[in-house]
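Notes to accompany the following structure.
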Number of protein chains: 2
Amino acid sequence: MPKIVNHNERKIKIAESTWNVIVREGLENASVRKIAAEANLSVGSLRHYFPSQSDLFLFSMELVSERVRKRIEGKNYDGPPLEMFQEALSEVLPIDEDRKIEMEVWLVFSAKTLVDRRLEELSKNVFIQIRTGIEKIINTLDSLELLKENVDQHAEVIRLHALIDGLATHHILHPNTVTNKEMILTLRYHLLSLCREV
Amino acid sequence: MPKIVNHNERKIKIAESTWNVIVREGLENASVRKIAAEANLSVGSLRHYFPSQSDLFLFSMELVSERVRKRIEGKNYDGPPLEMFQEALSEVLPIDEDRKIEMEVWLVFSAKTLVDRRLEELSKNVFIQIRTGIEKIINTLDSLELLKENVDQHAEVIRLHALIDGLATHHILHPNTVTNKEMILTLRYHLLSLCREV
DNA sequence: ATATTATTAGTACAATTGTATCAAAAAGGG
DNA sequence: CCCTTTTTGATACAATTGTACTAATAATAT
């Protein structure tokens, strides 16, 4: 039997190198050669793990969604509901350096989504997952009778979802104008605005 | 004197061809050759108007912002204030096919902004212009005593701005999940939520 | 008509691209 | 030790890239 390399671990390492190159030089300069160099591999070796650049990009984008998903699932959901919702939603915000990299990569791939069928499918799936999570949050707020009366729940789902992604995008593109703190406070402000006066 | 071509008109035509190629095949496939072909020009001829691809891309992105700006400035601002604000804000939403193309191009260039200094500057300038416009809207709502009491005006500016761009992005990336109508209705819903009960 | 000059088109070139191929290297099981 | 098979690295190749260069073209003012 030959040398054994944990296939999936290696793929993840390569995907992270892909993130680095994309963040540093942009998607259009993320050639297989640069990514291989970033991962300290030869092109041939990289190709052994990813038969094509398309596969590599798809996996790299998938890794972002997986990381976010695992973080959300790994949370302890006990405590005041509003706090919990704020925390859960913060997982799709670029609140620290790691998340910022992930969100930046996600944004870049999202743009590519418009002309790449494979990425488009992944993008849609993740979008629907987040949408479902937000629906759950609004529903739960309602069940707990925290929600203001006379709110349009469907509209609130769309609004919260758009707000989250808008805040994330703004902070990534204009971190000095929409600061980390403003991003978080605005989310909190919005959640509070949904709830009844105490 | 030689053949005279309206320089700026020609540049605009080329920039629109650039949009087409970007929408159809993506930014990474928007080579000067493809753009020249789309514009029915030779590469050498295109180069006569744009010395480099970078110049072409910058001009093409600028054209988007100029189109939007002119549309906003060209509006008649008489009528119920809320209607007017909705209309003005709708100019940065992809509410029809033309605007959809523009916003899609803007989104793609925005991603490139992260690794392109020239585009970054333009992006920031436009962002601040829109931000300023939104501040004006919130301020005016307050002056007219339409605004709910006890609202945090600074937070409302950030929130509305993020909401607009979030809605636009969602509709461009997932038009079937966030429909045109939902986008518009959600904006209206939000604006109404800012205002006092009648 | 002709001279002038913006405009156009064609070709060239070095660099980079994704992918293919194939042999060398490495390591664990017998 | 040796065989087997994964892993690696190097080279090659056709295609495409942005840009440069140069000569032909076309239209206008005199």
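In the text below, chain A, chain B and the rest are named by the order of the sequence lines, each starting its count at 1.
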Checklist outcome for this item: Expected list for residues 26-40 of chain A near DNA chain D, using heavy atoms below 4.0 Å, is A:R33
Checklist entry - Heavy-atom contacts under 4.0 Å between residues 6-24 of chain B and DNA chain D, which residues? => result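 Result for residues 6-24 of chain B: none.
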Item to check | With A:K148 via salt bridge (charged side-chain N to carboxylate O under 4.0 Å, His left out) - residues at least two apart | outcome: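 Counting only residues at least two positions away or on another chain, A:K148 forms no salt bridge (charged side-chain N to carboxylate O under 4.0 Å, His left out).
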Next on the checklist: Show the nearest heavy-atom pair for residues B:V21 and B:N29, with the distance to one decimal.
Outcome noted: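 Taking every non-hydrogen atom into account, CG1-O, 4.1 Å.
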Checklist entry - Between B:I101 and B:W19, what is the shortest heavy-atom contact and its length? => result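 In terms of heavy atoms, the two residues are closest at CG2-CE3, 4.3 Å.
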Next on the checklist: Nearest to the side chain of B:S45, heavy atoms from C-beta on, is which of D:dG9, C:dT8, C:dT19?
Outcome noted: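 Side chain of B:S45 sits closest to C:dT8.
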Checklist entry - Is a donor on one side and an acceptor on the other found under 3.5 Å between the side chain of B:E73 and the backbone of B:K70? => result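 Checked: no pair found.
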Checklist entry - Between D:dT6 and A:Y49, is there an OP1 or OP2 to side-chain N/O distance shorter than 4.0 Å? => result no
Next on the checklist: Under 4.0 Å, counting only non-hydrogen atoms across every strand here, what does A:F50 touch: a base, just sugar-phosphate, or nothing?
Outcome noted: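 Result for A:F50 = nothing.
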Taking atom [atom2] of [N] as reference, at what distance in whole Å does atom [atom1] of [X] sit?
X     : N      : atom1 : atom2 : result
A:L41 : D:dG9  : CG    : P     : 7 Å
A:Q53 : C:dT19 : CD    : P     : 6 Å
B:H48 : C:dT5  : NE2   : P     : 14 Å

Listed pairs under 3.5 Å, donor-acceptor, residues 48-55 of chain B side chains, sequence neighbours left out:
from  : atom 1 : to     : atom 2 : distance (Å)
B:S52 : OG     : B:S54  : N      : 3.4
B:S52 : OG     : B:D55  : N      : 3.2
B:S52 : OG     : B:D55  : OD2    : 3.0
B:Q53 : NE2    : B:A30  : O      : 3.1
B:S54 : OG     : B:R118 : NH1    : 2.7
B:D55 : OD1    : B:R118 : NH1    : 3.1
B:D55 : OD1    : B:R118 : NH2    : 3.0
B:D55 : OD2    : B:S52  : N      : 3.4

Do NZ/NE/NH1/NH2 and the carboxylate oxygens of [X] and [Y] come within less than 4.0 Å?
X      : Y      : answer
B:E62  : B:R69  : no
B:R99  : B:E91  : yes
A:R159 : A:E156 : yes

Under-3.5 Å N/O pairs linking protein and nucleotides 20-26 of chain C:
from   : atom 1 : to    : atom 2 : distance (Å)
C:dA20 : OP2    : A:R47 : NH2    : 2.2

Next on the checklist: Checking A:F109 now: which residues fulfil ring-ring contact (aromatic ring centres under 6.0 Å, His included) with it, not counting sequence neighbours?
Outcome noted: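 ring-ring contact (aromatic ring centres under 6.0 Å, His included) list for A:F109, sorted by chain: A:F57.
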Checklist entry - What orientation do B:F127 and A:H174 show, parallel under 30°, tilted 30 to 60°, or perpendicular over 60°? => result parallel
Checklist entry - Hey, are the side chains of A:L89 and A:L93 touching, using non-hydrogen atoms and a 4.5 Å cut-off? => result no
